[in-house]
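Because only heavy atoms are used, hydrogens play no part in the values below, and waters and symmetry mates are left out as well, while side chains stay in. Chain A is the first sequence line, chain B the second, and so forth, proteins listed ahead of strands; every chain is numbered from 1.
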Amino acid sequence: MNKPETKSNFIRDIIDDDLKTNKYKGRVHTRFPPEPNGYLHIGHAKSICLNFGLAADYKGLCNLRFDDTNPETEEMEYVESIKGDVRWLGFDWEDRLYHASDYFEQLYNFAVELVKKGKAYVCDLSMDEIREYRGTLTKPGKESPYRNRSVEENLDLLERMKAGEFEDGSRVLRAKIDMASSNLLMRDPTLYRIRKKSHYRTGDAWCIYPTYDFTHCLSDSIEGITHSICTLEFENNRPLYDWILDELKVHHPQQIEFARLNLSHTIMSKRRLLELVEEKHVSGWDDPRMPTLSGLRRRGYTPESIRQFCDIIGVAKANSIVDLVQLENCVREELNKTTQRVMVVLRPLKVVIVNYPEDKTEELDAVNNPEDPSMGTRKVPFSRVLYIEQDDFHEEPPKKFFRLAPGREVRLRYAYFITCEDVIKDKKTGEVVELHCRYDPATRGGGSPDGRRVKGTLHWVSANHAFDVEVRLYDHLFTKRDPSDVEEGTDYKSNLNPKSLETLTSCKAEPSLKGAEPGSRYQFERLGYFCVDTSDSTAEKPVFNRTVSLRDTWAKISKTIDK
RNA sequence: UGGGGUGUAGCCAAGCGGUAAGGCAGCGGACUUUGGAUCCGCCAUCGGAGGUUCGAAUCCUCCCACCCCAGCCA
């Protein structure tokens with residue numbers, strides 16, 4: 001009721017002001033403008049949630065627009081994946097799916113208009129020459145010798161550029177602004193370049209393509225966007241954005257820049273992600289270690305948890321690195337409430353209950369989700385030979401370790417109290433291979449009628465009833481919080497975590513897990529949240545991806561004991 | 001170096017001249033058939049230095065640090 005509701009951010013302030021002054025007649029219309037040259041990642045999710053979220057909150061609209069002006073890198077495959085990811089995240093662009101490439105004709109006409117106004121010219125300088133003429137941060141540029149061509153000549157040249165008369169790179173159309181501007185982007189920026197490349201949507205209809213700066217503002221304008229939200233690195237482009245729209249006297253959206261998301265222990269650059277894929281450091285764009293939406297989805301993340309994450313991290317202008325635990329916390333919070341509990345032993349250690357009958361099997365009741373009684377209960381089979389986790393036994397238990405040890409009594413979840421009586425070791429290696437325990441029949445179900453206390457509760461499976469599953473444990477893709485923090489002479493890849501994937505092939509799962517659907521999520525009790533892999537699972541042998549581990553205070557304690 | 005930005009706790013982030021929200025992490029404690037969950041409590045004087053004001057994280061001045069810009073990428 002009186003929660004502080006921390007939705008306040010500087011973009012909302014701007015919108016609130018605009019609403020107050022009736023700047024856009026009370027409209028709020030945003031857009032998410034991806035370039036189809038790669039897969040979407042969690043950083044894009046921030047932008048998607050922001051743009052679609054703002055539109056929803058202000059009863060406005062948000063378009064999905066592909067910013068596809070570069071035929072060299074863009075592909076249909078990316079378009080499809082992007083649409084799928086936006087939908088999966090839970091957003092709907094309804095009938096407002098647009099492409100900058102649909103505006104090529106209009107854009108060209110705008111270019112002609114600029115030429116006619118004497119505000120743009122065809123320049124024959126080479127790329128290198130343009131760079132030289134541009135000057136430097138401290139030295140003003142020089143005007144191009146082609147800068148003062150007549151309108152007629154420019155019109156003729158532009159038309160012939162469009163007609164394909166000139167080679168790639170031989171000429172460009174430039175805005176005529178100010179070669180002495182302290183903002184390099186205003187030193188007669190390129191508006192059109194010649195690229196005799198076929199475009200994934202327009203085919204060979206065009207051989208000249210508009211640049212980002214010319215395309216973006218006008219696309220926004222054409223669509224009636226009110227608030228054009230982009231990332232910080234475009235702050236320098238805003239004067240150009242404004243210049244073009246002012247010269248053309250068209251609808252003028254407000255560009256607003258925010259800080260892109262950086263997540264600790266991973267990278268967000270599309271170029272680098274592509275490199276990881278191409279160099280096979282990961283299995284693909286959807287490798288569960290990738291920060292891509294497809295990777296997170298395969299890892300077991302839910303759309304809700306990602307939206308929640310985007311919500312809590314806020315929006316501001318300060319560069320920052322959000323800690324990954326923040327994201328992990330969001331999934332945990334959701335999966336704790338929604339996920340069915342199940343028992344799986346990752347690294348099995350055989351336990352024989354010596355006083356339990358050889359051929360007996362009991363069906364014990366287990367709660368499916370203590371957070372949600374409506375999820376009911378299930379039966380788990382118990383018998384003489386079980387598996388427990390190797391980690392749950394210590395021959396010489398360290399301080400504060402209250403699991404199984406020689407002579408110690410613990411509870412098997414939903415089953416019985418057992419006491420360890422014998423430790424069987426491999427004669428050669430000395431490795432513990434089997435435990436002999438005695439159970440207390442009075443503690444059936446895990447209760448203790450005499451009020452006897454036990455400090456540990458272990459998960460387990462019945463050896464005869466369990467079946468083998470593969471489990472993949474994931475860790476940070478990079479060892480460093482900031483992967484681009486590197487020694488001289490190396491790059492971010494030197495920070496790749498060699499242990500980011502651990503595959504366990506003979507894990508033992510309780511029988512209720514048979515037939516688990518690909519994509520379905522579970523909590524493996526005491527271990528974490530896992531999701532059936534959608535690519536590599538088979539009916540005989542399911543593969544589980546660990547989405548995130550449970551909070552583990554023992555891990556914390558044992559770490560401090562180590563030191 | 002010219003220009004454009006940013007600096008509030010370990011990590012995010014509110015704050016808009018009236019005496020530092022919230023989340024995560026951390027620490028302590030309660031409860032517990034997941035060392036899970038839940039619940040309580042603790043945890044900052046705002047990059048620095050001056051100034052204006054009864055009063056400053058908020059206004060002014062200077063300084064420092066970091067980010068972005070010299071693609072016919074976006």
Side-chain angles (χ1 to χ4, degrees), chain A residues 3-9 13 33-35 37 67 69-70 72-73 123 125-127 130-132 134-141 168-174 181-187 189-195 208-209 211-213 215-216 230-239 257 259 264 270-271 311-330 332-333 336-337 341 343 367 370-371 400-403 411-415 417 443 445-448 454-459 481 523-528 550-557:
Chain A
K3 260 187 253 173
E5 211 44 74
T6 154
K7 274 258 180 171
S8 175
N9 66 52
D13 291 346
E35 184 190 10
N37 67 347
D67 209 341
T69 58
N70 183 354
E72 326 248 43
T73 55
C123 182
L125 254 25
S126 70
M127 217 193 289
I130 287 186
R131 183 171 29 248
E132 281 167 33
R134 185 156 31 226
T136 67
L137 294 180
T138 48
K139 276 181 250 83
D168 280 17
S170 61
R171 276 173 237 259
V172 292
L173 180 73
R174 293 226 254 167
S181 172
S182 52
N183 180 345
L184 305 214
L185 279 156
M186 296 299 267
R187 322 243 261 226
T190 299
L191 267 22
Y192 267 92
R193 71 281 209 187
I194 303 171
R195 280 286 172 289
I208 57 172
Y209 292 92
T211 57
Y212 165 84
D213 286 304
T215 307
H216 206 90
C230 62
T231 44
L232 248 31
E233 62 271 28
F234 292 102
E235 259 170 334
N236 298 317
N237 301 56
R238 192 174 60 226
E257 310 85 10
S264 73
K270 275 202 253 183
R271 204 203 98 236
D311 230 53
I312 62 167
I313 57 175
V315 183
K317 297 195 70 157
N319 286 313
S320 62
I321 303 178
V322 176
D323 206 304
L324 190 63
V325 299
Q326 201 87 229
L327 212 210
E328 294 179 337
N329 190 60
C330 290
R332 279 201 195 96
E333 204 172 284
N336 173 49
K337 291 184 201 129
R341 270 60 168 173
M343 291 196 283
V367 172
E371 304 293 317
K400 291 193 182 174
F401 178 87
F402 42 82
R403 282 117 87 148
R411 169 168 40 233
L412 293 180
R413 181 138 231 233
Y414 301 125
F417 284 16
T443 57
S448 64
V454 97
K455 277 166 113 182
T457 299
L458 312 186
H459 62 280
R481 171 179 160 75
Q523 184 199 95
F524 291 1
E525 292 223 32
R526 302 208 308 134
L527 297 174
L550 246 33
R551 280 207 187 78
D552 188 349
T553 42
W554 167 243
K556 245 180 258 165
I557 294 167

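- Classification of B:rG48 as anti follows from a glycosidic angle more than 90° from 0.
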* Would A:E333 and A:N329 count as a side-chain contact (heavy atoms from CB on, under 4.5 Å) if you check the C-alpha gap in whole Å, the side-chain angles of each, and the deciding distance to 0.1 Å? -> CA-CA 6 Å; A:E333 204 172 284; A:N329 190 60; 3.8 Å; yes
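- A residue-by-residue look at A:L458 and A:E333 shows that A:E333 has its nearest nucleotide of RNA chain B further toward the 5' end.
- In this structure, B:rA25 makes no Watson-Crick or G-U wobble pair, since no nucleotide meets both defining distances under 3.5 angstrom.
- Using C1' as the reference atom, B:rC73 and B:rC68 are 16 Å apart when rounded to the nearest Å.
- Remark: the separation of the C1' atoms in B:rU52 and B:rA13 is 29 Å, to the nearest Å.
- On the P atoms, B:rA14 is 13 Å away from B:rA9, given to the nearest whole Å.
- Atom CG in A:N329 sits roughly 14 Å away from atom P in B:rG36 (whole-Å rounding).
- Rounded to a whole Å, the CG atom of A:L412 is 13 Å from the P atom of B:rU34.
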* For every nucleotide of nucleotides 68-74 of chain B, 5' to 3': is a protein heavy atom under 4.0 Å from its base (B), only from its sugar-phosphate (S), or from neither (-)? -> BBBSBSB
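- Here B:rA37 sits opposite no nucleotide as a Watson-Crick or G-U wobble pair (both hydrogen-bonding atom distances under 3.5 Å).
- The gap from the C1' atom of B:rC59 to that of B:rA25 amounts to 35 Å, rounded to the nearest Å.
- Relative to the side chain of A:R411, the nucleotides B:rG7, B:rG36, B:rU33 differ in distance, and B:rU33 lies closest.
- With P as the reference atom, B:rC16 and B:rC11 are 24 Å apart, rounded to whole Å.
- Between the side chain of A:R411 and the backbone N or O of A:T443, no donor-acceptor pair lies under 3.5 Å.
- In the set B:rC11, B:rU34, B:rG2, B:rG2 carries the atom at the smallest distance from any side-chain atom of A:T138.
- Picking from B:rC16, B:rC12, B:rU34 the nucleotide with the shortest atom distance to the side chain of A:D13 gives B:rC16.
- Within the shown strands, nothing qualifies as a pairing partner of B:rU53 under the Watson-Crick or G-U definition with both distances less than 3.5 Å.
- Counting non-hydrogen atoms under 4.0 angstrom, A:Y209 reaches nothing in the nucleic acid.
- Across the strands present, B:rC16 finds no partner; the criterion is a Watson-Crick or G-U wobble pair with both atom distances under 3.5 angstrom.
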* Asked: Passes ring pair (Phe, Tyr, Trp, His ring centres under 6.0 Å), A:F402 versus A:W554? Steps please.
  -> CA-CA 9 Å; A:F402 42 82; A:W554 167 243; 7.5 Å; no
Protein-nucleotides 26-29 of chain B N/O pairs closer than 3.5 Å?
| residue | atom | partner | partner atom | Å |
| --- | --- | --- | --- | --- |
| B:rG26 | OP1 | A:K556 | NZ | 2.9 |

* To do: Could you walk me through whether A:N37 and A:R271 pass side chain to side chain donor-acceptor pair (under 3.5 Å), step by step?
  => CA-CA 10 Å; A:N37 67 347; A:R271 204 203 98 236; over 6 Å; no
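- A:E235 comes within 4.0 angstrom of the backbone, heavy atoms only, and of no base.
- The side-chain contact (heavy atoms from CB on, under 4.5 Å) test with A:T211 is passed by exactly one of A:T69, A:N70, A:V172, A:T190: A:T190.
- One atom, CG of A:D323, and another, C1' of B:rA9, lie 14 Å apart when rounded to the nearest Å.
- Closest of all the heavy-atom pairs between A:R134 and A:L184 is CD-O, 4.3 Å.
- Taking atom CZ of residue A:F402 and atom P of nucleotide B:rU32, one finds them 14 Å apart after rounding to whole Å.
- When the P atom of B:rA14 is taken as reference, atom CG of A:D311 falls 13 Å away, rounded to whole Å.
- Between the CD atom of A:E371 and the C1' atom of B:rC31 there is a distance of 13 Å, rounded to whole Å.
- Side chain of A:D13 to main chain of A:S8: no donor-acceptor pair is present (N/O by atom type, distance under 3.5 Å, no hydrogens or angles).
- If you check every strand for non-hydrogen atoms under 4.0 Å, A:V367 touches nothing.
- Between the CD1 atom of A:I208 and the CZ atom of A:R171 there is a distance of 12.5 Å, given to the nearest 0.5 Å.
- Of the two residues contacting RNA chain B, namely A:K400 and A:A316, the nearest-nucleotide position lying further toward the 5' end is that of A:A316.
- A pairwise comparison of heavy atoms in A:R195 and A:Y209 identifies O-CE1, 3.2 Å as the closest pair.
- Residue A:G141 is out of contact with every strand shown, counting any heavy-atom pair closer than 4.0 Å.
- Using a 4.0 Å heavy-atom criterion, one finds that A:R403 contacts the bases of the nucleic acid, with or without backbone contacts as well.
- Note on A:Q523: a base of the nucleic acid sits closer than 4.0 angstrom, heavy atoms only.
- Rounded to an integer number of Å, the gap from A:K317 NZ to B:rC12 C1' is 18 Å.
- Taking atom P in both B:rA70 and B:rU8, the straight-line distance is 27 Å, to the nearest Å.
- Comparing the same atom, C1', in B:rU38 and in B:rU6 gives a spacing of 39 Å after rounding to whole Å.
- Among the nucleotides B:rA25, B:rA14, B:rG36, the one closest to any side-chain atom of A:V325 is B:rA25.
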List, with names and distances, any nitrogen or oxygen atoms from the protein found under 3.5 Å away from nitrogen or oxygen atoms belonging to nucleotides 63-67 of chain B.
| residue | atom | partner | partner atom | Å |
| --- | --- | --- | --- | --- |
| B:rC67 | O2' | A:N319 | ND2 | 3.1 |

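- For A:R193 (side chain) and A:G169 (main-chain N/O), no donor-acceptor pair under 3.5 Å exists by modelled atom type.
- Looking only at distances, no side-chain donor or acceptor of A:R238 sits under 3.5 Å from a matching main-chain atom of A:E257.
- Pairing each heavy atom of A:C330 with each of A:I312, the nearest pair is SG-CD1, 3.7 Å.
- Using atom P as the reference point in both B:rC42 and B:rU1, the two lie 47 Å apart (nearest Å).
- The shortest side-chain heavy-atom distance between A:L550 and A:E525 does not fall under the 4.5 Å cut-off.
- Looking at A:T231, its side chain never comes within 3.5 Å of a backbone N or O of A:E233 through a donor-acceptor pair.
- Residue A:F417 is classed as having no contact, given no heavy-atom separation below 4.0 Å to the nucleic acid.
- Nucleotide B:rC72 is matched to nothing when pairs are restricted to Watson-Crick or G-U wobble geometry with both distances under 3.5 angstrom.
- Atom CG of A:D552 is separated from atom P of B:rA25 by 14 Å (rounded to the nearest Å).
- Pair check for B:rU6 finds B:rA65; Watson-Crick or G-U wobble, both atom distances under 3.5 Å.
- In this structure, A:S320 contributes its side chain and A:V322 its backbone to no donor-acceptor pair below 3.5 Å.
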